[in-house]
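Heads up: the structure comes next, in structure tokens.
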Amino acid sequence: MSPGASPPDEPPRECDVVVVGAGIVGLASAAELARRHPDASVAVLEAARSIGAHQTGHSSGVIHAGIYYRPESLKAELCVAGARAMYEYCERRGIRAERSGKVIVATEESELAGLDELERRGAANGVPGLRRIDADELREVEPHAAGISALHSPATGVVDFTDVARSLASELAAAGATVSTRCAVRAISTAGESISLTHARGATRGRAAVVCAGAWSDRLAVAAGASPDPRIVPFRGAYLRLRPERRDLVRTSIYPVPDPELPFLGMHLTRGLDGEVHLGPSALLVGARDAYRLWRVRPRDIAQTLSWPGTWRLARDRWRHGLAELRRGLSRHSFVAALRRFVPELTAADVVPGYAGVRAQALGRDGSLLDDFVVSRTERALHVRNAPSPAATSCLALAARIADMLEEDPGVG
Ligand SMILES: Cc1cc2nc3c(=O)[nH]c(=O)nc-3n(C[C@H](O)[C@H](O)[C@H](O)COP(=O)(O)OP(=O)(O)OC[C@H]3O[C@@H](n4cnc5c(N)ncnc54)[C@H](O)[C@@H]3O)c2cc1C
């Protein structure tokens, strides 16, 4: 660096587009904009000390194929397109990704209708290679899994989304964009044809902003003048790991038939690229948006969760489910018992503690857990207000959608 030159991550005072959040969605959006508009200047502002520090760096690493999502939803469209784009991107950029496949297993008659519905959705969404298999075929794919019927998805795969985030950041650097860490955005205001973001390292003004702030997206949307509805509530997802000598219990990924009332896919077993088998995640409503430790409580976070009418409506409607999650969250035996339904040989002695992530889940004032991706507008800004799983899989397709929306705005793009 020549004397007096800015370090590469110094946030600019002026640029064309400001992206908030260097998770995989923000980085993919910034990279898409930089590719489409090579003459435009793009700046990414990130609160954490590193990129991918929150959901992106704490996921299951599954490239979802698009089975679960209601046909015609954004999730269905962007997951199928996004998975295709993700495999292509990984190949082009030399990132290891494997189409290892997965099974979704019904263990009881009462789950067959749910499996039928997933099969119907998968077909409607155009999921490649999806096939119904019986108990014997299931044992051929996953010798230690037990079920009465299953769906086999050969197009489901695994990747390390942090590798993808790093690759997107290096693409941005090569395109002359900045990615500034330790740069928490505190305020957003507009004046004339510009939008100004005040942050921990000064202020950056642009012609447009794209806010991809994950668990903090509602706060920035409100700061920019949007409705407080929906609010983000943090659901902690904890994992266990199989001991190395028991990893042969799982070849690829084994998932349950999910509860259709919830936007979570249920606790599963997944073999990662490094051969580790992760079990989980649980889904426990917690007291901080960064509750990587179970008992972390942040007064502002918990106050915002408890003062939201949707939280109480959710608690009233789902208290049984909440109690079951609490049991699993606190007891390794309950956690393992939930998975033993479809891997009967699994015991509590086979597992050791794993990592934990926190899902940014949007909750409506009416108590509904928002299922689909939500991107909304304020003056000169787009806000990604709900991007839970499979947003990591879908990020490249979601980024293209965001770039399209930005170009629709006069004076932007
Ligand atoms: C336990 C778990 C398992 C998952 N498994 C999968 C999976 O297998 N497959 C899949 O496709 N998806 C999975 N997901 C979902 C996926 O991880 C997320 O949908 C995706 O990472 C969302 O990316 P993001 O960029 O929106 O959010 P994040 O990665 O959370 O990034 C948001 C960023 O915004 C920054 N930020 C927030 N506020 C500010 C501010 N004021 N100023 C500046 N920066 C700010 C944060 O620091 C953060 O880095 C999982 C999620 C969890 C939690």
Side-chain angles (χ1 to χ4, degrees), residues 11 18-30 44-66 68 75 78-79 82-83 86 102 156-162 164-165 168 179-188 197-201 204 209-221 223-224 232 234-239 253 255 263-265 267-268 270 272 278 280-284 289-292 354-362 373 375 383-396 398-399 402:
V18 193
V19 176
V20 181
I24 205 164
V25 174
L27 291 168
S29 303
V44 181
L45 309 177
E46 165 56 49
R49 305 179 78 82
S50 58
I51 64 166
H54 290 290
Q55 295 175 94
T56 299
H58 295 86
S59 85
S60 301
V62 174
I63 300 179
H64 290 289
Y68 298 94
K75 272 192 179 176
L78 300 181
C79 183
M86 181 60 69
K102 92 171 188 185
T156 301
V158 281
V159 70
D160 184 339
F161 287 118
T162 309
V164 178
L168 290 164
V179 179
S180 309
T181 53
R182 295 169 291 112
C183 209
V185 173
R186 297 185 186 128
I188 302 178
L197 290 88
T198 307
H199 49 74
R201 295 168 69 184
T204 299
V210 180
V211 184
C212 311
W216 295 269
S217 56
D218 54 343
R219 285 193 192 153
L220 287 177
I232 295 290
F235 282 90
R236 183 174 188 271
Y239 292 84
S253 270
Y255 276 67
F264 306 132
L265 304 184
M267 295 221 294
H268 49 267
T270 294
H278 302 281
S282 52
L284 194 60
R289 296 182 186 206
D290 58 347
Y292 297 107
Y355 64 100
V358 184
R359 299 177 182 86
Q361 174 62 48
F373 299 145
V375 183
H383 299 266
V384 176
R385 294 204 62 169
N386 195 42
S389 182
T393 301
S394 317
C395 65
L396 299 170
L398 181 56
I402 286 168

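Throughout, numbering of the chain's residues begins at 1 and tracks the sequence. Atoms within each ligand, like the ligands themselves, are counted from 1 in listed order.
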Can you confirm, on distance only, whether ligand 1 has an N/O atom lying under 3.5 Å from any N/O atom belonging to [X]?
{"X": "P281", "value": "no"}
{"X": "I24", "value": "yes"}
{"X": "Q55", "value": "yes"}
{"X": "Y239", "value": "no"}
{"X": "G52", "value": "no"}
{"X": "E46", "value": "yes"}
{"X": "A184", "value": "no"}

Out of [options], whose heavy atom sits nearest [atom]?
{"atom": "atom 5 (N) of ligand 1", "options": "A187, G57, S60", "value": "S60"}
{"atom": "atom 25 (O) of ligand 1", "options": "I188, L398, V25", "value": "V25"}
{"atom": "atom 22 (C) of ligand 1", "options": "S389, A200, P234, A387", "value": "A387"}
{"atom": "atom 34 (O) of ligand 1", "options": "C395, A48, G21", "value": "G21"}

Under 4.0 Å from a heavy atom of [X]: give me the atoms of ligand 1 that qualify, with their elements.
{"X": "A391", "answer": "19 (O)"}
{"X": "H54", "answer": "30 (O), 46 (C), 47 (O), 48 (C), 49 (O)"}
{"X": "H64", "answer": "7 (C), 8 (O), 9 (N), 10 (C), 11 (O)"}
{"X": "R359", "answer": "53 (C)"}
{"X": "V20", "answer": "42 (N), 43 (C), 44 (N)"}

Do [X] and [Y] come within less than 4.5 Å of each other through their side chains, counting heavy atoms only?
{"X": "Q361", "Y": "N386", "value": "yes"}
{"X": "V185", "Y": "H199", "value": "yes"}
{"X": "Q55", "Y": "S389", "value": "no"}
{"X": "L168", "Y": "L396", "value": "yes"}
{"X": "P281", "Y": "R359", "value": "yes"}
{"X": "R289", "Y": "D218", "value": "yes"}
{"X": "P388", "Y": "F373", "value": "yes"}
{"X": "H54", "Y": "D290", "value": "yes"}

Proximity of [X] to ligand 1 by residue part, where a heavy atom lies under 4.0 Å:
{"X": "T393", "answer": "both"}
{"X": "L45", "answer": "backbone"}
{"X": "S217", "answer": "neither"}
{"X": "I51", "answer": "neither"}
{"X": "P388", "answer": "backbone"}
{"X": "C212", "answer": "backbone"}
{"X": "H199", "answer": "neither"}

For [atom], find the nearest protein heavy atom and state the residue, atom name and distance (0.1 Å precision).
{"atom": "atom 43 (C) of ligand 1", "value": "A47 N, 3.2 Å"}
{"atom": "atom 16 (C) of ligand 1", "value": "A392 CB, 3.9 Å"}
{"atom": "atom 31 (O) of ligand 1", "value": "G23 CA, 3.4 Å"}
{"atom": "atom 8 (O) of ligand 1", "value": "V62 N, 3.0 Å"}
{"atom": "atom 21 (O) of ligand 1", "value": "T56 OG1, 3.2 Å"}
{"atom": "atom 41 (N) of ligand 1", "value": "V185 O, 3.0 Å"}
{"atom": "atom 37 (C) of ligand 1", "value": "A213 O, 3.3 Å"}
{"atom": "atom 6 (C) of ligand 1", "value": "S59 CB, 3.6 Å"}

Which label fits H268 and Y255: parallel for a plane angle under 30°, tilted from 30 to 60°, or perpendicular past 60°? parallel

Quick check for you: to the nearest 0.5 Å, what is the distance between I63 atom CD1 and T393 atom OG1? 6.5 Å

Can you find a non-hydrogen atom of V358 under 4.0 Å from ligand 1?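 Judged by the 4.0 Å heavy-atom criterion, V358 does count as contacting ligand 1.
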
Using atom types as modelled and distance alone, determine if a side-chain donor or acceptor of [X] lies under 3.5 Å from a backbone N or O of [Y].
{"X": "S282", "Y": "A238", "value": "yes"}
{"X": "K75", "Y": "G66", "value": "no"}
{"X": "S29", "Y": "V25", "value": "yes"}
{"X": "Y292", "Y": "R236", "value": "no"}

